[in-house]
Protein chains: 2
Amino acid sequence: MERLMTDAEITAAWSDICKVLNKDQDELKGDILSHIGNKWSLFVIHAWGIDGKMRFSNLESHVNGISQRMLTKCLRELERDGLVSRAVYAEVPPKVEYELTSLGRGLLVQVTPLWFWIAKHADELKNAREEYAKSRGMQ
Amino acid sequence: MERLMTDAEITAAWSDICKVLNKDQDELKGDILSHIGNKWSLFVIHAWGIDGKMRFSNLESHVNGISQRMLTKCLRELERDGLVSRAVYAEVPPKVEYELTSLGRGLLVQVTPLWFWIAKHADELKNAREEYAKSRGMQ
DNA sequence: CAGGATCCGCTCTGATACTG
DNA sequence: CAGTATCAGAGCGGATCCTG
(Lines give C-alpha, C1' and ligand atoms only; values in the text may rest on other atoms or scores of the structure.)
Protein backbone atom coordinates (compact mmCIF):
# COMPACT_ATOMS: atom_id res chain seq x y z
CA MET A 1 0.00 0.00 0.00
CA GLU A 2 3.05 2.24 -0.24
CA ARG A 3 2.05 4.37 -3.16
CA LEU A 4 4.21 7.41 -2.74
CA MET A 5 6.10 8.33 -5.86
CA THR A 6 9.76 9.09 -6.22
CA ASP A 7 10.90 12.29 -7.87
CA ALA A 8 11.79 10.34 -10.97
CA GLU A 9 8.32 8.87 -11.16
CA ILE A 10 6.83 12.25 -10.70
CA THR A 11 8.82 13.64 -13.57
CA ALA A 12 7.84 10.72 -15.73
CA ALA A 13 4.19 11.07 -14.85
CA TRP A 14 4.11 14.80 -15.31
CA SER A 15 2.64 14.87 -18.77
CA ASP A 16 -0.15 12.59 -17.65
CA ILE A 17 -0.78 14.79 -14.70
CA CYS A 18 -0.99 17.81 -16.94
CA LYS A 19 -3.46 16.05 -19.14
CA VAL A 20 -5.84 15.56 -16.28
CA LEU A 21 -5.27 19.02 -15.03
CA ASN A 22 -6.30 20.42 -18.37
CA LYS A 23 -9.30 18.25 -18.97
CA ASP A 24 -11.36 21.24 -18.15
CA GLN A 25 -14.27 19.74 -16.38
CA ASP A 26 -13.57 22.59 -14.10
CA GLU A 27 -17.16 23.07 -13.20
CA LEU A 28 -17.52 19.50 -12.05
CA LYS A 29 -14.25 19.59 -10.20
CA GLY A 30 -15.42 22.66 -8.44
CA ASP A 31 -18.59 20.87 -7.49
CA ILE A 32 -16.78 17.94 -6.06
CA LEU A 33 -14.35 20.13 -4.24
CA SER A 34 -17.15 22.15 -2.80
CA HIS A 35 -18.25 19.02 -1.01
CA ILE A 36 -15.22 17.00 -0.23
CA GLY A 37 -13.34 20.23 0.05
CA ASN A 38 -14.97 21.48 3.17
CA LYS A 39 -13.61 21.38 6.62
CA TRP A 40 -15.19 18.08 7.55
CA SER A 41 -16.17 15.89 4.64
CA LEU A 42 -12.87 14.12 4.24
CA PHE A 43 -12.64 13.45 7.94
CA VAL A 44 -16.12 12.05 7.95
CA ILE A 45 -15.40 9.79 5.00
CA HIS A 46 -12.23 8.94 6.81
CA ALA A 47 -14.23 7.48 9.64
CA TRP A 48 -15.52 4.62 7.54
CA GLY A 49 -12.06 3.20 7.55
CA ILE A 50 -13.00 1.97 11.01
CA ASP A 51 -16.28 0.30 10.27
CA GLY A 52 -18.42 -0.19 7.21
CA LYS A 53 -21.59 0.83 8.96
CA MET A 54 -21.63 3.89 11.10
CA ARG A 55 -24.33 5.39 13.22
CA PHE A 56 -24.69 9.07 13.79
CA SER A 57 -23.27 9.11 17.29
CA ASN A 58 -20.51 6.81 16.18
CA LEU A 59 -19.40 9.23 13.52
CA GLU A 60 -19.71 12.08 15.92
CA SER A 61 -17.26 10.51 18.33
CA HIS A 62 -14.79 9.52 15.65
CA VAL A 63 -14.59 12.86 13.93
CA ASN A 64 -12.79 14.99 16.40
CA GLY A 65 -14.35 18.35 17.06
CA ILE A 66 -17.24 18.23 14.66
CA SER A 67 -20.49 19.68 15.83
CA GLN A 68 -23.70 17.81 15.44
CA ARG A 69 -25.00 20.44 13.14
CA MET A 70 -22.08 20.15 10.77
CA LEU A 71 -22.15 16.38 10.83
CA THR A 72 -25.78 16.42 9.82
CA LYS A 73 -25.15 18.85 7.04
CA CYS A 74 -22.13 16.99 5.85
CA LEU A 75 -23.98 13.68 5.76
CA ARG A 76 -26.80 15.19 3.76
CA GLU A 77 -24.40 16.51 1.19
CA LEU A 78 -22.54 13.26 0.93
CA GLU A 79 -25.83 11.50 0.54
CA ARG A 80 -26.93 13.92 -2.12
CA ASP A 81 -23.74 13.31 -4.03
CA GLY A 82 -24.19 9.57 -3.91
CA LEU A 83 -21.18 8.92 -1.72
CA VAL A 84 -23.08 7.78 1.33
CA SER A 85 -26.27 5.82 1.79
CA ARG A 86 -28.61 6.19 4.68
CA ALA A 87 -30.77 3.50 6.25
CA VAL A 88 -33.39 4.34 8.84
CA TYR A 89 -34.71 1.61 11.12
CA ALA A 90 -38.18 2.00 12.54
CA GLU A 91 -37.16 1.31 16.10
CA VAL A 92 -37.26 2.98 19.43
CA PRO A 93 -34.82 4.45 20.10
CA PRO A 94 -34.26 5.49 16.51
CA LYS A 95 -31.42 3.93 14.62
CA VAL A 96 -29.84 5.22 11.45
CA GLU A 97 -26.96 3.58 9.71
CA TYR A 98 -24.74 5.28 7.21
CA GLU A 99 -22.64 3.40 4.72
CA LEU A 100 -20.27 4.42 2.00
CA THR A 101 -21.57 3.62 -1.45
CA SER A 102 -19.15 2.08 -3.90
CA LEU A 103 -18.61 5.57 -5.17
CA GLY A 104 -17.79 6.71 -1.68
CA ARG A 105 -15.40 3.87 -1.10
CA GLY A 106 -13.71 4.79 -4.33
CA LEU A 107 -13.24 8.30 -3.10
CA LEU A 108 -11.86 7.13 0.22
CA VAL A 109 -9.33 5.05 -1.62
CA GLN A 110 -8.26 7.92 -3.82
CA VAL A 111 -7.74 10.13 -0.85
CA THR A 112 -5.76 7.60 1.11
CA PRO A 113 -2.43 8.34 -0.61
CA LEU A 114 -2.88 11.84 0.66
CA TRP A 115 -3.14 10.67 4.26
CA PHE A 116 -0.09 8.54 3.79
CA TRP A 117 1.77 11.45 2.37
CA ILE A 118 0.81 13.74 5.22
CA ALA A 119 1.88 11.16 7.75
CA LYS A 120 5.18 10.68 5.98
CA HIS A 121 5.97 14.36 5.63
CA ALA A 122 4.60 15.48 8.94
CA ASP A 123 7.91 16.79 10.19
CA GLU A 124 8.71 18.64 7.02
CA LEU A 125 5.33 20.26 7.04
CA LYS A 126 5.64 21.32 10.62
CA ASN A 127 9.16 22.64 10.17
CA ALA A 128 8.23 24.65 7.13
CA ARG A 129 5.67 26.48 9.17
CA GLU A 130 7.91 27.10 12.08
CA GLU A 131 10.66 28.45 9.89
CA TYR A 132 8.24 30.71 8.16
CA ALA A 133 6.97 31.99 11.48
CA LYS A 134 10.54 32.59 12.62
CA SER A 135 11.59 34.44 9.49
CA ARG A 136 8.58 36.67 9.74
CA GLY A 137 9.06 37.25 13.42
CA MET A 138 12.60 38.53 12.85
CA GLN A 139 11.63 41.14 10.37
CA MET B 1 -0.39 6.81 -14.36
CA GLU B 2 -3.60 4.80 -14.06
CA ARG B 3 -3.69 4.32 -10.33
CA LEU B 4 -7.31 3.57 -9.65
CA MET B 5 -7.81 0.48 -7.57
CA THR B 6 -10.15 -2.39 -8.13
CA ASP B 7 -12.60 -3.45 -5.46
CA ALA B 8 -10.43 -6.45 -4.69
CA GLU B 9 -7.42 -4.26 -4.17
CA ILE B 10 -9.41 -1.97 -1.98
CA THR B 11 -10.47 -4.84 0.22
CA ALA B 12 -6.92 -6.07 0.43
CA ALA B 13 -5.56 -2.68 1.29
CA TRP B 14 -8.20 -1.87 3.82
CA SER B 15 -6.26 -2.66 6.96
CA ASP B 16 -3.42 -0.46 5.79
CA ILE B 17 -5.84 2.30 5.05
CA CYS B 18 -7.27 2.02 8.52
CA LYS B 19 -3.84 2.26 10.04
CA VAL B 20 -3.20 5.58 8.41
CA LEU B 21 -6.63 6.80 9.23
CA ASN B 22 -5.95 6.28 12.89
CA LYS B 23 -2.52 7.79 13.08
CA ASP B 24 -4.04 10.75 14.78
CA GLN B 25 -2.02 13.61 13.48
CA ASP B 26 -5.35 15.20 13.18
CA GLU B 27 -4.12 18.69 13.67
CA LEU B 28 -1.66 18.41 10.85
CA LYS B 29 -4.19 16.75 8.63
CA GLY B 30 -6.51 19.60 9.37
CA ASP B 31 -3.85 22.04 8.25
CA ILE B 32 -3.43 20.32 4.95
CA LEU B 33 -7.13 19.97 4.54
CA SER B 34 -7.53 23.64 5.14
CA HIS B 35 -5.84 23.93 1.78
CA ILE B 36 -7.78 21.23 0.13
CA GLY B 37 -10.88 22.50 1.73
CA ASN B 38 -10.32 25.97 0.51
CA LYS B 39 -12.10 27.02 -2.57
CA TRP B 40 -8.95 27.91 -4.46
CA SER B 41 -5.82 26.24 -3.12
CA LEU B 42 -6.12 23.06 -5.10
CA PHE B 43 -6.87 24.91 -8.29
CA VAL B 44 -3.92 27.15 -7.72
CA ILE B 45 -1.59 24.24 -7.08
CA HIS B 46 -3.19 22.67 -10.08
CA ALA B 47 -1.90 25.51 -12.22
CA TRP B 48 1.69 24.46 -11.79
CA GLY B 49 0.93 21.43 -13.88
CA ILE B 50 1.28 23.84 -16.77
CA ASP B 51 4.59 25.44 -15.95
CA GLY B 52 7.10 25.14 -13.16
CA LYS B 53 7.43 28.86 -12.68
CA MET B 54 4.37 31.01 -12.53
CA ARG B 55 3.99 34.72 -12.20
CA PHE B 56 1.13 36.35 -10.40
CA SER B 57 -0.79 37.40 -13.49
CA ASN B 58 -0.12 34.02 -15.01
CA LEU B 59 -1.76 32.24 -12.12
CA GLU B 60 -4.58 34.70 -12.15
CA SER B 61 -5.44 33.87 -15.74
CA HIS B 62 -5.14 30.12 -15.27
CA VAL B 63 -7.30 29.84 -12.21
CA ASN B 64 -10.71 30.57 -13.51
CA GLY B 65 -12.68 33.10 -11.53
CA ILE B 66 -10.25 33.80 -8.74
CA SER B 67 -9.99 37.36 -7.55
CA GLN B 68 -6.69 39.05 -6.99
CA ARG B 69 -7.34 39.29 -3.31
CA MET B 70 -7.95 35.60 -2.90
CA LEU B 71 -5.00 34.66 -5.06
CA THR B 72 -2.75 36.77 -2.90
CA LYS B 73 -4.09 35.28 0.25
CA CYS B 74 -3.90 31.79 -1.10
CA LEU B 75 -0.30 32.21 -2.19
CA ARG B 76 0.67 33.54 1.22
CA GLU B 77 -0.83 30.54 2.92
CA LEU B 78 0.80 28.11 0.56
CA GLU B 79 4.09 29.88 1.13
CA ARG B 80 3.59 29.78 4.86
CA ASP B 81 3.06 26.05 4.75
CA GLY B 82 6.16 25.49 2.69
CA LEU B 83 4.36 24.34 -0.41
CA VAL B 84 5.26 27.29 -2.57
CA SER B 85 8.35 29.45 -2.80
CA ARG B 86 8.40 33.04 -3.85
CA ALA B 87 11.18 34.84 -5.72
CA VAL B 88 11.11 38.60 -6.14
CA TYR B 89 13.23 40.21 -8.83
CA ALA B 90 14.34 43.78 -8.33
CA GLU B 91 13.19 44.98 -11.70
CA VAL B 92 10.87 47.52 -13.15
CA PRO B 93 8.19 46.47 -13.76
CA PRO B 94 8.24 44.14 -10.76
CA LYS B 95 8.52 40.46 -11.35
CA VAL B 96 7.66 37.73 -8.90
CA GLU B 97 7.93 34.09 -9.63
CA TYR B 98 6.20 31.39 -7.69
CA GLU B 99 7.35 27.82 -7.69
CA LEU B 100 6.16 24.67 -6.02
CA THR B 101 8.62 23.40 -3.47
CA SER B 102 9.35 19.71 -3.45
CA LEU B 103 6.77 19.47 -0.72
CA GLY B 104 4.27 21.23 -2.94
CA ARG B 105 5.02 19.00 -5.89
CA GLY B 106 4.52 16.05 -3.59
CA LEU B 107 1.10 17.29 -2.66
CA LEU B 108 0.16 17.90 -6.27
CA VAL B 109 1.13 14.35 -7.05
CA GLN B 110 -0.86 12.95 -4.16
CA VAL B 111 -3.90 14.84 -5.22
CA THR B 112 -3.68 13.80 -8.81
CA PRO B 113 -5.37 10.42 -8.29
CA LEU B 114 -8.28 12.40 -7.01
CA TRP B 115 -8.51 14.39 -10.24
CA PHE B 116 -8.32 11.20 -12.23
CA TRP B 117 -11.04 9.71 -10.19
CA ILE B 118 -13.29 12.70 -10.58
CA ALA B 119 -12.73 12.73 -14.31
CA LYS B 120 -13.45 9.02 -14.51
CA HIS B 121 -16.58 9.08 -12.41
CA ALA B 122 -17.92 12.37 -13.61
CA ASP B 123 -21.07 10.84 -15.04
CA GLU B 124 -21.79 8.71 -12.01
CA LEU B 125 -21.40 11.71 -9.80
CA LYS B 126 -23.67 13.83 -11.90
CA ASN B 127 -26.30 11.12 -12.12
CA ALA B 128 -26.28 10.52 -8.41
CA ARG B 129 -27.10 14.14 -7.89
CA GLU B 130 -29.85 14.23 -10.42
CA GLU B 131 -31.49 11.14 -9.03
CA TYR B 132 -31.33 12.55 -5.58
CA ALA B 133 -32.90 15.78 -6.78
CA LYS B 134 -35.64 13.78 -8.50
CA SER B 135 -36.43 11.59 -5.51
CA ARG B 136 -36.66 14.63 -3.30
CA GLY B 137 -38.73 16.54 -5.79
CA MET B 138 -41.32 13.75 -5.89
CA GLN B 139 -41.91 13.68 -2.20
C1' DC C 1 3.23 44.21 -12.71
C1' DA C 2 2.21 42.68 -8.19
C1' DG C 3 0.05 43.49 -4.75
C1' DG C 4 -1.76 46.30 -0.07
C1' DA C 5 -5.91 48.53 2.15
C1' DT C 6 -10.65 49.09 2.82
C1' DC C 7 -15.58 48.36 2.67
C1' DC C 8 -19.28 45.21 2.82
C1' DG C 9 -22.54 41.38 1.99
C1' DC C 10 -22.92 36.67 2.71
C1' DT C 11 -21.99 32.07 4.18
C1' DC C 12 -20.24 29.01 7.11
C1' DT C 13 -19.81 27.45 12.04
C1' DG C 14 -20.57 26.57 16.61
C1' DA C 15 -23.57 26.79 20.91
C1' DT C 16 -27.73 26.25 22.69
C1' DA C 17 -32.33 24.69 23.01
C1' DC C 18 -35.95 21.73 21.53
C1' DT C 19 -38.42 17.25 19.31
C1' DG C 20 -40.20 12.50 17.73
C1' DC D 1 -30.87 8.29 19.53
C1' DA D 2 -30.90 11.24 15.77
C1' DG D 3 -31.79 14.83 14.55
C1' DT D 4 -34.32 20.21 13.63
C1' DA D 5 -34.52 25.31 14.73
C1' DT D 6 -32.56 29.46 15.84
C1' DC D 7 -29.18 32.87 16.68
C1' DA D 8 -24.80 35.41 16.83
C1' DG D 9 -20.08 35.80 15.50
C1' DA D 10 -16.08 34.91 12.53
C1' DG D 11 -14.25 34.67 8.34
C1' DC D 12 -14.78 34.23 3.26
C1' DG D 13 -14.84 36.45 -0.97
C1' DG D 14 -15.64 40.19 -4.25
C1' DA D 15 -15.25 45.05 -5.82
C1' DT D 16 -12.86 49.10 -5.77
C1' DC D 17 -9.15 52.17 -5.12
C1' DC D 18 -4.29 52.92 -4.37
C1' DT D 19 1.08 52.26 -4.53
C1' DG D 20 6.18 51.10 -5.49
Side-chain angles (χ1 to χ4, degrees), chain A residues 26-27 29-44 47-48 51 53-81 84-99 132 136 139, chain B residues 26-27 29-48 51 53-81 84-100 136 139:
Chain A
D26 271 6
E27 195 190 337
K29 287 178 185 168
D31 269 10
I32 303 299
L33 280 190
S34 76
H35 294 298
I36 66 161
N38 78 47
K39 193 172 173 183
W40 298 111
S41 296
L42 280 188
F43 279 117
V44 171
W48 273 282
D51 194 350
K53 297 193 178 190
M54 297 290 274
R55 300 183 57 175
F56 190 91
S57 52
N58 221 234
L59 288 165
E60 202 170 2
S61 65
H62 275 299
V63 179
N64 212 299
I66 195 170
S67 70
Q68 161 253 42
R69 175 178 152 77
M70 285 303 112
L71 180 53
T72 301
K73 200 184 150 214
C74 188
L75 286 170
R76 294 289 169 281
E77 286 171 358
L78 292 172
E79 195 193 348
R80 192 198 59 179
D81 289 357
V84 157
S85 67
R86 189 189 134 131
V88 184
Y89 297 85
E91 296 176 5
V92 178
K95 179 176 168 185
V96 180
E97 277 181 350
Y98 295 91
E99 252 182 296
Y132 185 84
R136 301 292 270 194
Q139 282 173 13
Chain B
D26 273 5
E27 194 191 338
K29 287 178 186 168
D31 283 352
I32 302 299
L33 281 192
S34 76
H35 288 302
I36 298 183
N38 154 320
K39 190 173 175 183
W40 298 111
S41 295
L42 276 192
F43 281 115
V44 172
I45 291 178
H46 203 221
W48 273 282
D51 193 350
K53 297 194 177 188
M54 298 289 276
R55 300 183 59 174
F56 191 90
S57 52
N58 222 235
L59 288 165
E60 204 170 2
S61 65
H62 276 298
V63 179
N64 215 299
I66 195 170
S67 70
Q68 165 252 32
R69 175 179 151 77
M70 284 303 114
L71 179 53
T72 301
K73 200 182 150 216
C74 188
L75 286 169
R76 294 290 168 280
E77 287 171 358
L78 292 172
E79 196 193 347
R80 188 198 59 181
D81 287 359
V84 158
S85 66
R86 190 188 135 135
V88 184
Y89 296 85
E91 296 176 6
V92 179
K95 180 176 167 184
V96 179
E97 277 181 350
Y98 294 91
E99 253 182 295
L100 286 181
R136 300 291 270 194
Q139 280 174 13

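Residue numbers start from 1 in every chain, and the chains themselves are labelled A, B, ... in the order their sequence lines are given, proteins ahead of strands.
Close approach of DNA chain C to chain B, defined as any atom under 4.0 Å from a non-hydrogen atom of the protein, starts and stops at C:dC1 to C:dT6.
Smallest separation of non-hydrogen atoms from A:Val44 and A:Leu75: CG1-CD2, 4.3 Å. For A:Glu60 against A:Ile66, the heavy-atom pair with the smallest separation is O-CG2, 4.2 Å.
Rotation axes derived from the C1' atoms of the five outermost pairs at either end of the helix from C:dC1-D:dG20 to C:dG20-D:dC1 lie 50° apart, to the nearest 10°.
Atom CD in A:Gln68 sits 12.5 Å away from atom CG in A:Leu59 (nearest 0.5 Å). Of the inter-residue distances, the one linking B:Lys95 atom NZ with B:Ser57 atom OG reads 11.0 Å to the nearest 0.5 angstrom. In this structure, CG in A:Leu71 is found 12.0 Å from NE2 in A:His62, a value given to the nearest 0.5 Å.
The residue B:Tyr89 sits apart from the nucleic acid: no heavy atom pair falls under 4.0 Å.
Residues passing the side chain to side chain contact (heavy atoms under 4.5 Å, CB included) test with B:Glu99 are B:Lys53, B:Ser85, sequence neighbours excluded. Take B:Arg86 and apply the side chain to side chain contact (heavy atoms under 4.5 Å, CB included) test, not counting sequence neighbours, and it matches B:Arg76, B:Glu79, B:Val88, B:Val96, B:Tyr98. Evaluation of the side chain to side chain contact (heavy atoms under 4.5 Å, CB included) rule for B:Ser61 yields no partner, not counting sequence neighbours.
What separates CZ of A:Arg86 from P of D:dC1 is a distance of 16 Å, to the nearest Å.
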Check: Which parts of nucleotides 6-20 of chain D does protein reach within less than 4.0 Å, heavy atoms only, written one letter per nucleotide 5' to 3' as B for base, S for sugar-phosphate only and - for none?
Finding: B-----SBBB----B
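Ring geometry for A:Phe43 versus A:Trp40: interplanar angle of 30 to 60°, hence tilted.
In this structure the side chain of B:Asp81 never reaches within 4.5 angstrom of the side chain of A:Tyr132, judged on heavy atoms.
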